[in-house]
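Letters go in sequence order (proteins before strands), and every chain restarts at 1. Keep in mind that the numbers below use all heavy atoms, side chains included, and drop hydrogens, waters and symmetry copies.
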Amino acid sequence: MVSRRRASTLLSASVATLLLTAPVRASELVPYAVIGDAIPLPLAGAVGDASAGRAIVVNRTYTCLLCHSGPFTEQRFQGDLAPSLAGTGSRWSEGQLRLRLVDASRLNAATIMPSYYRADGLQRVGDAWLGKPILSAQQIEDVVAYLTTLQNPS
Amino acid sequence: MKRLRNISLSLLAVIAFTSLIEAAEIAPGERRSGASFMSVETQAMQNDATANPGMLGVLDGEVLWTRKPAAGRACADCHGDASSMRGVAVRYPAFDDKLNRPVDLEQRVNLCRVDHQQLPPLADESRDLLALTALIGRQSQGMPIETGADSRLQAFIDKGRDAFMRRQGQLNLACTNCHDDNWDKRLAGSAITQAHPTGYPVYRLEWQGLGSLKRRLRNCMIGVRTQPYSADAPEMVELELYLMSRARGMASETPAVRP
């Protein structure tokens, strides 16, 4: 337990340098720059659409609600493996949310949250999904646009 | 630059170490059957033989058990009453001397079809194969699972364990991430459970029928967008073997009912 806490302090202290030097992994995907714990600029310069983003977040195919809950009263089935998405836009900047979606494992190597914009370094991916990220650059931007609107913590 | 990389590397080592601590295996005293996560209605359905829809498969199995092939002998001609199979299913997958590798119960039944009845093997997930394995499994109801006692199985169990611990698929999740670390949580609406295969083949309400452990495992693999193992892949038997040995001592519940 002690070592775990120490590891996470260590992690946040070194996160900036670690991320600054981390290479972009998949060559087919648009490159992006990680600065500190964020990706400040939109992927491919896309403009996000918050209502399209909400539709992605609640759609079972895109998996968010398998783990998360949030202010989605119409959704009967929501997971409890992860913090509620309510208020997440007040806790994190747009750039931080973008990195969290693109590759959460850079923030916490042990996280169970999938990397939504990554296509390499994965094992035994099924044929239907091989070589593809879970979300496109445009979809990442849509979800980021939506998450930033979640300011209310309930 | 080089120094930075060294820092990152040692940092990664720390993370890797702590994630090992996190992925704790379930202590024997904390193990729970999947049934204990189900609604009272589903549990009642499982426990009442007249309400358990899996029992229809067991009845089908009894018919098949005594059915004589055109040439050759019925299962019953060699094995006697189905009750002679008491204590068999709780030892599977088991080491096969002739093949020199573990075989699961479905494969064992098909070995008898081919070697002893001169019949073609039954297809994976076919009604007849599920019925026969449900019948054989039912004979051990309430008995403790013993799989893995044979030391020749250890290397295969270890491989299954490695597969259970390895992240895979587009969602990059290992079985252990859900079934060891988060078994008390819900994935969307579903209880995750500890993945003890105590009741296979199970009657799953979602399937509206019986399904084997392999079908269940393929469901979880496809869930994390992994290329599933084929039914006769050695990796599939190794995973079944690890799961059964992980459930050693727990009571067999075949045919169980799952949502």
Query - Gap between atom CG of B:Leu187 and atom CZ of A:Phe77 - 0.5 Å precision - result: 12.0 Å
Requested in this report: Might you confirm whether atom CZ of A:Arg60 has over 12 heavy atoms from other residues, nucleotides or ligands at distances under 6.0 Å?
Outcome: no
Query raised in the report: Atom CD1 of A:Ile134 and atom CG of B:Leu171: how far apart are they, to the nearest 0.5 Å?
Result: 5.0 Å
Report summary line: Most heavy-atom pairs under 4.5 Å with chain A, out of B:Lys185, B:Gln170, B:Gln168, B:Met221, belong to B:Gln170
Requested in this report: Can you measure from CH2 (A:Trp129) to OG1 (B:Thr226) and round to the nearest 0.5 angstrom?
Outcome: 8.5 Å
Query raised in the report: Relative to chain A, which segment of B:Leu173 carries a heavy atom at a distance below 4.5 Å: side chain, backbone, both, or neither?
Result: side chain
Query - Residue B:Ile192 versus chain A: region with a heavy atom under 4.5 Å - result: side chain
Report task. Measure the spacing between CG of A:Asp127 and CD of B:Gln227 and express it to the nearest 0.5 Å. Result -> 4.0 Å
Query raised in the report: Any idea which of A:Gln123, A:Lys132, A:Arg124 has the most non-hydrogen atom pairs under 4.5 angstrom with chain B?
Result: A:Arg124
Requested in this report: Tell me, yes or no, whether the heavy-atom count around B:Arg127 atom CZ, taken from other residues, nucleotides or ligands under 6.0 Å, exceeds 12.
Outcome: no
**Report entry** Gap separating the CG atom of B:Asn172 from the CZ atom of A:Arg118, nearest 0.5 angstrom
**Finding:** 5.0 Å
Query raised in the report: In Å, rounded to the nearest 0.5 Å, how long is the span from CZ of B:Arg225 to CG of A:Leu130?
Result: 13.5 Å
Query - Crowding at CH2, A:Trp92 (>12 non-hydrogen neighbours, <6.0 Å) - result: no
Query raised in the report: If only atom types and distance count, is the side chain of A:Asp80 paired as donor or acceptor with the main-chain N or O of B:Arg186 below 3.5 Å?
Result: yes
Query raised in the report: By a 4.5 Å heavy-atom criterion (distance strictly below it), what part of A:Thr63 contacts chain B: side chain, backbone, both, or neither?
Result: side chain
